[in-house]
Amino acid sequence: MKPSIIIAAACLSLLLACQQPDTKTTTASKDTTAATAARAPQVPDSTVLDGLWYLQPVLASDTASGKRATLQFDLKKARFAGNTGCNNMSGKFWYSANDSSLTISEKLITTKMACPGYNEKAFLKSLLLTTHYHLRNGILTLLAEDNTELSRWERKPSAAVTTGKA
């Protein structure tokens, strides 16, 4: 072989060896990227029933207690928890993603605080009338058997709760 070809091959090998990524730097970059992703706020999925939902208030009485009603569905356990807008609540539910059916068990567990001006009984009755749901544009709508809209829910509260109190 000619010396010039050997020298060219050696230079090419050296150049390629210098182009190999430093695994320590790559690992550090991956760790930094993972840490950054872990700190980034997670956007809740608004296309699935599972997770936390906030009531979209319609009437002034919906926020009379100064709290926003919440529902948190755990599909794996078929249980829910939340707040009525006054008291904490929990229980079981049944649903089907195939036909969007949803039923809340009548055996609800609630705390028993008094919240003047808030009609918790009507809220719970509405919840128990639910037979199915719709998920559209990030909004969960609970519906009665005759397709009457019972309530709308969103992943994050859209506005601060106002009580009308000074």
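Predicted, not measured: the structure shown is a model, and the values here were computed from it.
Note that the CG atom of L128 and the OG1 atom of T103 stand 10.0 Å from one another [nearest 0.5 Å]. One finds the CG atom of L127 at 4.5 Å from the CD1 atom of I104 (value rounded to the nearest 0.5 Å). Atoms CD1 and CD, on I139 and Q56 in that order, are 4.0 Å from each other to the nearest 0.5 Å. Here CZ of F93 is found 11.0 Å from OG of S101. Values are rounded to the nearest 0.5 Å. Taking CD of E106 as the start and NZ of K92 as the end, the distance is 14.0 Å to the nearest 0.5 Å. The CD atom of Q72 sits 12.0 Å away from atom OG of S90, with the distance rounded to the nearest 0.5 Å.
Listed by first and then second residue, the salt bridge (Lys or Arg N to Asp or Glu O under 4.0 Å) pairs involving residues 141-153 are E149-R152 (not counting sequence neighbours).
Between L75 and V48 the shortest side-chain heavy-atom distance does not fall below 4.5 Å. Proximity of L71 to L142: side-chain heavy atoms (C-beta onward) are separated by under 4.5 Å at one or more points. Side-chain contact between L102 and L49: present, with at least one pair of heavy atoms (C-beta onward) separated by less than 4.5 Å. With a 4.5 Å cut-off on side-chain heavy atoms, F80 and L108 count as touching. Considering only heavy atoms from C-beta on, W53 comes within 4.5 Å of R155 through its side chain.
Side-chain heavy atoms closer than 4.5 Å link hydrophobic residues (I, L, V, M, F, W, Y) into clusters, and following such links, even through other members, never connects L143 to Y95.
For the side-chain hydrogen bond (donor to acceptor under 3.5 Å, both in side chains) test with N87, the passing option among K67, E120, K112 is E120; the others fail.
A perpendicular orientation is assigned to the rings of H132 and H134, their planes being inclined by more than 60° (bins at 30° and 60°).
Between C86 and T84, the shortest heavy-atom contact is N-OG1, 3.1 Å. Contact detail for L55 and W153: the closest heavy-atom pair is N-CE3, 3.1 Å.
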Q.
For a side-chain contact (heavy atoms from CB on, under 4.5 Å) check, start with the C-alpha distance between L140 and F73, then their side-chain angles and the critical distance, and finish with the verdict.
A. CA-CA 12 Å; L140 167 65; F73 293 103; 4.0 Å; yes
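Remark: N88 engages N83 in a side-chain hydrogen bond (donor to acceptor under 3.5 Å, both in side chains) (not counting sequence neighbours).
Side chain of T111 to main chain of M113: no donor-acceptor pair is present (N/O by atom type, distance under 3.5 Å, no hydrogens or angles).
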